[in-house]
Amino acid sequence: MPVTAGHHKAGEHAQVNAQLKSALKSDFRSESNAKRDKYRNPGATLSFFEVTPDKTVIELWPGGGWYAEILAPYLADKGQYIAANFETNPSEDNRRTRYYAKAGKKFEKWVEDNKAVVKNVGFATLNPPEKTKLGEDNSADVVLTFRNLHNWAMAGNLESVFAGAYAVLKPGGVFGVVEHRANPGMPADSGYMDQAEMVKLAEKVGFTLAEASEINANAKDTKDYPKGVWTLPPRLAMEDQDKDKYLAIGESDRMTLKFVKK
């Protein structure tokens, strides 16, 4: 199936249900996170990925919890939010494993501190290629990943993560992918990934591309920066150098892909 199949412009999937609207407007969300909605379009994105309040949803590497702030309360009563978190007890001790362990423990603490709102959050450990089993086979309705593909690709682990997502999903389940979108030929260490290659890899492990959306597109993103995608906000890796220029561009141009397990 070509990448352009089911291609949609921003706004066409803005049928956001009342519960999701409530989660988006909730005071539970931090002000700094909510300010990024204009770039991350969470209502339209989650609606496009068919995330309803009664589903079992796994988020791969929730990181600082930007989407967890929305998803965990939204799914708390009728569904199940499962965080496929970083490895918090690494077998190796190095800068990378320490960084992930610290971030993973911080996320676990956030869940514990907010039990009254997020309720019974589930956990899995995603540490590819060793740990990619996200739960019982055919048990989840939706698996989501936001801006993580380049990390797994740089480590040579992307296919194992896609295969793990495929295994845990029920037939008919959705694998929702948002990622910085490369120009053809850009290396993964730029932070950008080639959309056609991502579709090809997902199809290799068994997925079918249902739709591609332009919800998270940004035509201003020229993708030719000194420090890759991290030059743009929110990271602003160049700090004050040309800061206004990068703020004017905004966050990256992103692919938004909905795959289905047949």
Side-chain angles (χ1 to χ4, degrees), residues 7-17 19-53 55 57-75 81 83-85 103 107 110 114 118 142-152 174-182 190-193 195 198 211-223 225 228-237 243 246-259:
H7 207 67
H8 289 275
K9 293 295 182 184
E12 287 189 24
H13 287 275
Q15 298 299 314
V16 182
N17 67 50
Q19 297 99 315
L20 184 51
K21 284 179 181 176
S22 178
L24 292 170
K25 293 176 182 175
S26 171
D27 290 340
F28 181 66
R29 298 186 68 201
S30 71
E31 188 178 342
S32 60
N33 282 349
K35 281 182 178 178
R36 294 179 65 194
D37 285 4
K38 63 182 178 180
Y39 299 120
R40 304 197 70 177
N41 308 294
T45 299
L46 293 174
S47 299
F48 177 65
F49 291 147
E50 302 175 29
V51 180
T52 52
K55 290 189 174 177
V57 179
I58 301 173
E59 184 184 1
L60 308 185
W61 280 8
W66 195 93
Y67 260 102
E69 261 190 359
I70 301 166
L71 287 166
Y74 177 61
L75 300 165
Y81 173 75
N85 200 18
F107 183 80
W110 175 83
N114 293 284
V118 304
V142 182
V143 175
L144 300 173
T145 175
F146 301 99
R147 300 161 28 257
N148 287 313
L149 304 191
H150 55 280
N151 294 305
W152 300 318
V174 169
F175 181 37
V177 173
V178 177
E179 175 62 319
H180 313 294
R181 176 164 46 196
S190 68
Y192 293 92
M193 299 294 291
Q195 181 166 327
M198 295 307 93
E211 292 184 83
S213 174
E214 293 298 286
I215 293 167
N216 297 299
N218 181 0
K220 296 178 184 177
D221 181 4
T222 55
K223 310 174 187 181
Y225 314 115
V229 74
W230 302 282
T231 309
L232 295 178
R235 179 75 67 85
L236 292 169
K243 183 177 180 179
Y246 299 127
L247 285 172
I249 292 169
E251 295 193 21
S252 66
D253 175 50
R254 292 162 189 170
M255 64 181 94
T256 304
L257 307 175
K258 178 166 67 176
F259 297 102

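In what follows, every heavy atom counts, from backbone to side chain, and hydrogens, waters and symmetry copies are set aside.
- Applying the side chain to side chain donor-acceptor pair (under 3.5 Å) definition to pairs two or more places apart or across chains, those involving residues 58-68 are Glu59-Tyr81.
- With hydrogens and angles disregarded, no donor-acceptor distance shorter than 3.5 Å links the side chain of Asn216 to the backbone of Val178.
- Under the rule for a side-chain hydrogen bond (donor to acceptor under 3.5 Å, both in side chains), Lys55 has no partner lying at least two apart in sequence or in another chain.
- Shown here are the side-chain hydrogen bond (donor to acceptor under 3.5 Å, both in side chains) partners of Thr52, two or more places apart in sequence or in another chain: Asp54.
- With hydrogens and angles disregarded, a donor-acceptor distance shorter than 3.5 Å links the side chain of Glu179 to the backbone of His150.
- Pairing each heavy atom of Tyr74 with each of Ala23, the nearest pair is CB-CB, 4.1 Å.
- Proximity of a side-chain donor or acceptor of Asn41 to a complementary backbone N or O of Ile215 within less than 3.5 Å is detected.
- Taking CG of Leu144 as the start and CD1 of Ile58 as the end, the distance is 9.5 Å to the nearest 0.5 Å.
- Phe146 contributes atom CZ, which lies 12.5 Å from atom NE2 of His180 (distance to the nearest 0.5 angstrom).
- Residues Asp37 and Pro42 form a side-chain contact, since some pair of their non-hydrogen atoms from C-beta on lies under 4.5 Å apart.
- Considering only residues two or more places apart in sequence or on other chains, Tyr39 meets the ring-ring contact (aromatic ring centres under 6.0 Å, His included) condition with none of them.
- When every heavy atom of Arg36 is checked against every heavy atom of Pro234, the shortest pair comes out as NH2-CG, 3.4 Å.
- Counting non-hydrogen atoms of neighbouring residues, nucleotides and ligands closer than 6.0 angstrom, the CZ atom of Arg29 exceeds 12 such neighbours.
- With rounding to the nearest 0.5 angstrom, the OG1 atom of Thr145 is 6.0 Å from the CZ atom of Phe175.
- Across all non-hydrogen atoms, the minimal contact from Ala84 to Pro62 is O-CD, 3.6 Å.
- Of all heavy-atom pairs spanning Phe107 and Ala68, the tightest one is CE1-CB, 3.7 Å.
- Across every non-hydrogen atom of Val229 and Gly191, the tightest pair is CG1-CA, 3.8 Å.
- Rounding to the nearest 0.5 Å places CG of Leu149 at 8.5 Å from CG of Leu257.
- Between Gly43 and Leu20, the shortest heavy-atom contact is O-CD2, 3.7 Å.
- With sequence neighbours left out, Glu50 forms a side-chain hydrogen bond (donor to acceptor under 3.5 Å, both in side chains) with Lys258.
- A donor-acceptor pair is defined here as one N or O able to donate and one able to accept, closer than 3.5 Å; no such pair exists between the side chain of Tyr246 and the backbone of Tyr225.
- Not counting sequence neighbours, Asn218 has no partner by the side-chain hydrogen bond (donor to acceptor under 3.5 Å, both in side chains) test.
- Here Ser190 contributes atom OG and Lys223 contributes atom NZ; the two are 9.5 Å apart, rounded to the nearest 0.5 Å.
- Looking at Val174 and Val51, their side chains never come closer than 4.5 Å, going by heavy atoms from C-beta outward.
- No donor-acceptor distance shorter than 3.5 angstrom exists from the side chain of Glu251 to the backbone of Arg40, with no hydrogens or angles considered.
- Note that the CG atom of Leu46 and the CZ atom of Phe49 stand 8.0 Å from one another [nearest 0.5 Å].
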